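The next block holds one structure in the form of structure tokens; read it before the comments.
Quick caveat: nothing in here was measured; it's all calculated off a predicted structure. Remember, it's 1-based here, ligands and their atoms both numbered in the order they're listed. Position 1 is the first residue of the sequence; numbering continues from there.
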Amino acid sequence: MSRAFLGSGSLELNINMNYSTIKAIHGDFTGKDILSLTQFSLQDIQTVLKKADAMRKLADNNTPSDALKGFVVSLLFFEPSSRTFSSFCSAAQRLGAGTIEIRDPHNVSSIAKGETLEDTMHTLQSYSEAIIIRHPEVGAIMKAAEVSSVPVINAGEGVDEHPTQALLDIYTIKETFKRLENLHIIFFGELAHYRPVNSLAKALALFPKMKLSFVSPKEVKLNEKVRDYLQQKNVHFGEYNDIDTVIADADVLYVTRVKKEFIPASLYKKIQGLYAVDNKMANKMKKSSIIMHPLPRAGEIKEEVDSNPRAVYLRSQMRYGLYVRMALLGLVLGKL
Ligand code: NCD
């Protein structure tokens with residue numbers, strides 16, 4: 001990931017792009033790429049949640065599983081990652097699969113010698129049955145999926161989507177409230193370049209009676225195309241500058257990091273630190289509410305909040321990523 005991507009046109013959100021690879025799941029995950037939340041119906045999400053429950057039992061009991069024995073999963077990460085990378089590795093290994101782990105391909109793979117992403121895909125599909133990719137450029141993973149003969153999973157693409165994060169976020173919300181309807185979710189902070197927001201908002205749009213509030217500095221409001229998407233789907237949502245307007249009514253406060261690597265330095269300086277959660281703010285929320293963050297954080301949730309009973313970001317939210325990614329791998333490889 002580098003600033004070279006700034007100004008290259010790659011920040012364009014590709015919701016309306018028509019890649020032949022983006023196929024609706026329609027109840028059948030086997031062999032499908034997982035590229036965007038728009039592939040999922042409510043029923044498809046329910047399938048992932050149900051399988052994640054089964055995976056939870058396996059993982060929590062350290063039950064050996066051979067579900068993916070004989071399979072190898074490749075991880076190709078062009079951007080830094082802690083949770084997504086580790087949880088996918090852990091998920092594959094817990095199901096008996098091997099892993100090929102390429103972090104920083106610009107330095108450690110033949111991409112350093114000028115090899116294209118397309119040729120890299122031909123290489124990895126020769127050695128593995130699924131390829132998980134994180135990439136800073138919007139459209140890169142879609143293109144990779146078009147050349148790949150094995151399923152490709154989007155592990156975060158530029159400023160566009162992060163579908164597996166959204167699925168684990170949905171699992172977190174379902175586990176907490178024991179329902180996926182009639183909830184009020186606030187998205188808080190830098191929203192314009194934050195891919196988990198785009199994917200999660202689209203996921204929530206599938207569920208009944210959800211209310212979404214987007215609270216951000218005016219320079220980094222919700223992406224216009226996601227706004228259009230929510231309008232098309234008749235989702236009840238509002239946009240605000242001041243969190244006090246909505247906080248007391250919220251069930252979920254979903255906090256975001258300012259995506260320093262995707263915005264000009266002057267904008268970063270202007271907005272960093274403006275939208276932050278401390279206990280004073282957290283305690284205005286209902287007792288039953290939760291505070292989520294995909295992490296990493298960079299000051300937008302004060303450490304004092306970590307011990308607030310509402311805080312789930314360092315606890316269940318992270319762990320649930322393991323169950324959901326186990327479920328997804330098993331499903332796309334046709335073994336669950
Ligand atoms: C997020 C991402 O990569 O989009 N992290 C994650 O996967 N948990 C958020 C971020 O980069 O800050």
Out of all atoms in ligand 1, which are within 4.0 Å of some heavy atom of Lys259? Include the element for each. 2 (C), 4 (O), 10 (C), 11 (O)
Ion pair present between Glu101 and Arg103, side-chain N to carboxylate O less than 4.0 angstrom? no
Do any nitrogen or oxygen atoms of Glu261 lie less than 3.5 angstrom from nitrogen or oxygen atoms of ligand 1? no
Please list, in number order, the atoms of ligand 1 under 4.0 Å from a heavy atom of Gln165. 6 (C), 7 (O), 8 (N)
Proximity flag Pro296 to ligand 1, non-hydrogen atoms under 4.0 Å: yes
How far apart are the C-alpha atoms of Arg134 and His162, what are their side-chain angles, what is the distance that settles it, and do they pass the side chain to side chain donor-acceptor pair (under 3.5 Å) test? CA-CA 9 Å; Arg134 169 169 286 194; His162 194 349; 3.3 Å; yes
Looking only at non-hydrogen atoms, find the nearest pair between Pro296 and Glu300 and report the distance. O-OE2, 3.9 Å
Which atoms of ligand 1 are found less than 4.0 Å from any heavy atom of Thr84? 6 (C), 7 (O)
List the atom of Ala144, the atom of Ile133, and the distance in Å for their closest heavy-atom pair. CB-CD1, 3.7 Å
Closest non-hydrogen protein atom to atom 12 (O) of ligand 1, residue and atom name please, with distance? Arg257 NE, 2.6 Å
Establish, from distance only, whether the side-chain atoms of Gln165 and Asp169 form a donor-acceptor pair under 3.5 Å. yes
So the atoms of ligand 1 within less than 4.0 Å of a heavy atom of Leu295 turn out to be 1 (C), 5 (N), 6 (C), 8 (N), 9 (C)
Atoms of ligand 1 under 4.0 Å from any heavy atom of His162, numbered from 1 in the order shown, are 2 (C), 4 (O), 6 (C), 7 (O)
Give the atom numbers and elements of ligand 1 that come within less than 4.0 Å of a heavy atom of Arg195. 2 (C), 3 (O), 4 (O)
Would one find an N or O of Arg83, backbone or side chain, under 3.5 Å from an N or O of ligand 1? no
For Glu79, is the nearest heavy atom under 4.0 Å from an atom of ligand 1? no
Can you report which non-hydrogen protein atom sits closest to atom 9 (C) of ligand 1, along with the distance? Tyr194 OH, 3.4 Å
Do you know the tightest heavy-atom contact between Phe177 and Asp251? CZ-O, 3.3 Å
State whether the side chain of Glu175 and the backbone N or O of Thr172 hold a donor-acceptor pair below 3.5 Å, judged by distance alone. no
Sub-3.5 Å donor-acceptor pair from the side chain of Arg227 to the main-chain atoms of Leu222, do we have one? yes
Have a look at ligand 1 and work out which part of Pro196, if any, has a heavy atom under 4.0 Å from it: side chain, backbone, both or neither. side chain
Separation of Asn198 CG from Thr38 OG1 (nearest 0.5 Å): 11.5 Å
At a 4.0 Å threshold, what atoms of ligand 1 neighbour a non-hydrogen atom of Pro294? 8 (N)
